[in-house]
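These values consider heavy atoms only, across backbone and side chains, with no hydrogens, waters or symmetry-generated copies.
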Amino acid sequence: MTSSNKADVIVLGAGIVGVSIAWHLAKRGQSVVVVDRRAPGEEASFGNAGTIESSAIMPYMFPRGFRELVRHALKLSTASSYHTAFLPRVLPWIYRYWRNSSPERAKAIALANLGFFATCIAEHQAMAEAAGVSDMLRPVGWIKVYGTARGWETGIVEARALDEFGIRYDVLDAAGLAKREPHLAPVNAGGIHFLDPRAVADPGALTKAYASHAQQLGVRFAFGDANALHSAGSGWRIPTQAGAIQANQAVIALGAWSNDLVSRFGYQIPFAVKRGYHRHYRPKGNAYLARPIVHAAGGFVLLPTPLGLRLTTGAEFAHRDAPPSPVQLARVEPVARELFPLGEPIDGRPWLGSRPCLPDMTPIIGPALRHAGLWFAFGHAHHGLTNGPGTGRLVAEMITDETPFIDPSPFSAIRFGA
């Protein structure tokens, strides 16, 4: 085998997590090959709400109130949907998710993940500056809007609960909201403007920019089927279109496809996906948004992108590979039109992506305990863009035996007995 077919580390997955791992490993002198079936940033990293979400300390909890549970079960909430035939398969996972959504568990989960969120902007800035794309990280934050006074009051209480974490925000009444975003319709009682998060108008382009700089550092990208990874001697081997690659270490960072490979190696992880949709629309006239807008009741995000205004949906529980069923998008579009003067759609059809989710809302990052040289880095749910660079740094530090910048123990697969 020639030197071009060898590497120190194979990274499986060219999304924001895999690209960040490769970047950090290359910065530490490791030779890396990233293997994916697609080019960098073309799966879940392509379509999302485009925020580096430093304010998302508290996890996205499953509803616990009886009335809200009934709304979701009857598909009356636009924030979620599910395929009825898939429900028996996902209900055990949802039950574990529900149990982890108690106030006590949610607080413990928040504290375990705090190091990631406290450093996510700095980690992105380091990569963006190196790649020459700092301007892609827009320091405009995002605003959550509330249609009723009661909802707004609840939002203020939830924001106040973040004070202990040093989260900065402005409470906006209707007049203050109109000053920040003058083209929003006057249908809201108020909003909460989270000030520190960075808005990314094109997450896919940001991932590609990081990947391009990783190539300058010596990272190679190859097309191949990640499921073909197999042990070879004391290391790992995978066939690619550029030839078979062999390395001492391999990292599974395949997002929603991670469990296909992980389960083949005998690890039983309680894994699920939340599917989500987006579509782009032209604004009417000279209307514009300065930052992402989250609609509290509707569970959707509206954000400015180079293509137009992107409308995203909440979570759909369905088989990852089931045909698209963008019913949520159809239901929230009229609400979004009441919020902002949207014109005609730009996309021929909605985009569909899948988020890799674990029931404790915490990713798995660390070694596969029964396979030497195999590493896990998946399960970031809604925060892959936010915590991709931090994950890359943490994995690289563990592989190269550095002292990790945050405690890796909360992310170990051992918590699931794997």
Side-chain angles (χ1 to χ4, degrees), residues 16-17 48-49 51-65 68 79-80 93-124 141-144 154-171 192-198 269-272 274 292 294 296 299 301 314-315 355-366 376-395 404-416:
I16 185 65
V17 174
N48 54 54
T51 53
I52 299 169
E53 186 45 303
S54 57
S55 63
I57 302 299
M58 296 304 294
Y60 293 142
M61 296 180 286
F62 199 85
R64 294 184 63 84
E68 191 65 14
S80 71
W93 186 93
I94 288 177
Y95 175 68
R96 295 179 72 164
Y97 182 16
W98 177 82
R99 288 194 63 182
N100 279 309
S101 296
S102 70
E104 298 79 17
R105 283 291 301 137
K107 183 68 175 291
I109 291 167
L111 292 173
N113 285 273
L114 182 59
F116 265 147
F117 290 99
T119 59
C120 65
I121 291 175
E123 294 299 325
H124 263 284
W142 60 275
I143 298 176
K144 193 169 189 176
T154 299
I156 294 172
V157 171
E158 292 173 348
R160 300 288 188 225
L162 300 174
D163 288 348
E164 65 179 289
F165 300 109
I167 301 302
R168 298 193 314 129
Y169 57 88
D170 286 341
V171 176
I192 309 292
H193 183 182
F194 293 93
L195 301 170
D196 291 325
R198 300 306 194 254
I269 305 293
F271 191 93
K274 294 180 187 178
V294 177
V301 182
R355 308 177 186 98
C357 300
L358 299 168
D360 62 356
M361 297 157 277
T362 300
I364 290 177
I365 304 169
F376 297 157
F378 56 83
H380 293 75
H382 300 265
H383 300 304
L385 177 67
T386 294
N387 292 326
T391 298
R393 177 179 171 183
L394 182 61
V395 171
F405 78 108
I406 59 174
D407 179 11
S409 62
F411 312 106
S412 173
I414 200 169
R415 69 187 193 270
F416 296 121

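- A pairwise comparison of heavy atoms in E53 and P197 identifies OE1-CG, 3.4 Å as the closest pair.
- Checked by atom type and distance alone, the side chain of T362 pairs as donor or acceptor with a backbone atom of D360 at under 3.5 Å.
- Here the closest non-hydrogen pair linking M61 and A106 is SD-CB, 3.1 Å.
- T51 is not listed as a side-chain neighbour of H382, based on a closest heavy-atom distance of 4.5 Å or more.
- Residues P410 and D407 share a closest heavy-atom pair of CD-O, 3.2 Å.
- One distance of note links CG of L111 with CE of M58; it measures 8.5 Å at 0.5 Å rounding.
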Handout entry: Evaluation steps, side-chain contact (heavy atoms from CB on, under 4.5 Å), between E123 and N387
Key = CA-CA 8 Å; E123 294 299 325; N387 292 326; over 6 Å; no
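- When each of S54, C120, S55 is tested with T386 by the rule side chain to side chain contact (heavy atoms under 4.5 Å, CB included), just one qualifies, namely C120.
- Interatomic distance, CZ of R168 versus CG of D163, reported as 12.5 Å (0.5 Å rounding).
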Exercise for the section: For side-chain contact (heavy atoms from CB on, under 4.5 Å), just list the numbers for I167 and D196, CA-CA rounded to whole Å, side-chain angles, deciding distance to a tenth of an Å, and then say yes or no. Expected result: CA-CA 8 Å; I167 301 302; D196 291 325; over 6 Å; no
Exercise for the section: For the pair F411 and I406, evaluate side-chain contact (heavy atoms from CB on, under 4.5 Å) and give the outcome as yes or no after the intermediate values. Expected result: CA-CA 11 Å; F411 312 106; I406 59 174; 4.0 Å; yes
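- Partner of Y97 under the ring-ring contact (aromatic ring centres under 6.0 Å, His included) criterion, out of Y60, F62, F271: F62 alone.
- Remark: R415 CZ is packed, more than 12 non-hydrogen atoms of other residues, nucleotides or ligands lying under 6.0 Å away.
- For I109 against P59, the heavy-atom pair with the smallest separation is CG2-CG, 4.0 Å.
- Note: L394 CG to F405 CZ = 6.0 Å, rounded to the nearest 0.5 Å.
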Exercise for the section: Test D170 against I192 for side-chain contact (heavy atoms from CB on, under 4.5 Å), laying out the working first. Expected result: CA-CA 6 Å; D170 286 341; I192 309 292; over 6 Å; no
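- For the atom pair CE of M361 and CZ of R105, the computed distance is 7.5 Å after rounding to the nearest 0.5 Å.
- Using cut-offs of 30° and 60° for the angle between ring planes, the W98 and Y95 rings count as parallel.
- In this structure a side-chain-to-backbone donor-acceptor pair under 3.5 Å is present from H124 to L385.
- Of all the heavy atoms in P389 and I16, the pair that sits closest is CD-CG1, 4.4 Å.
- L162 is listed as a side-chain neighbour of F194, based on a closest heavy-atom distance under 4.5 Å.
- Contact between P363 and N113 at its shortest, heavy atoms only, is CD-OD1, 3.9 Å.
- For the atom pair NE2 (H383) and CG (N48), the distance works out to 11.5 Å, reported to the nearest 0.5 Å.
- Between the NZ atom of K144 and the CD atom of E158 there is a distance of 5.5 Å, given to the nearest 0.5 Å.
- Side-chain atoms of R96 do not come within 3.5 Å of backbone N or O of W93 as any donor-acceptor pair.
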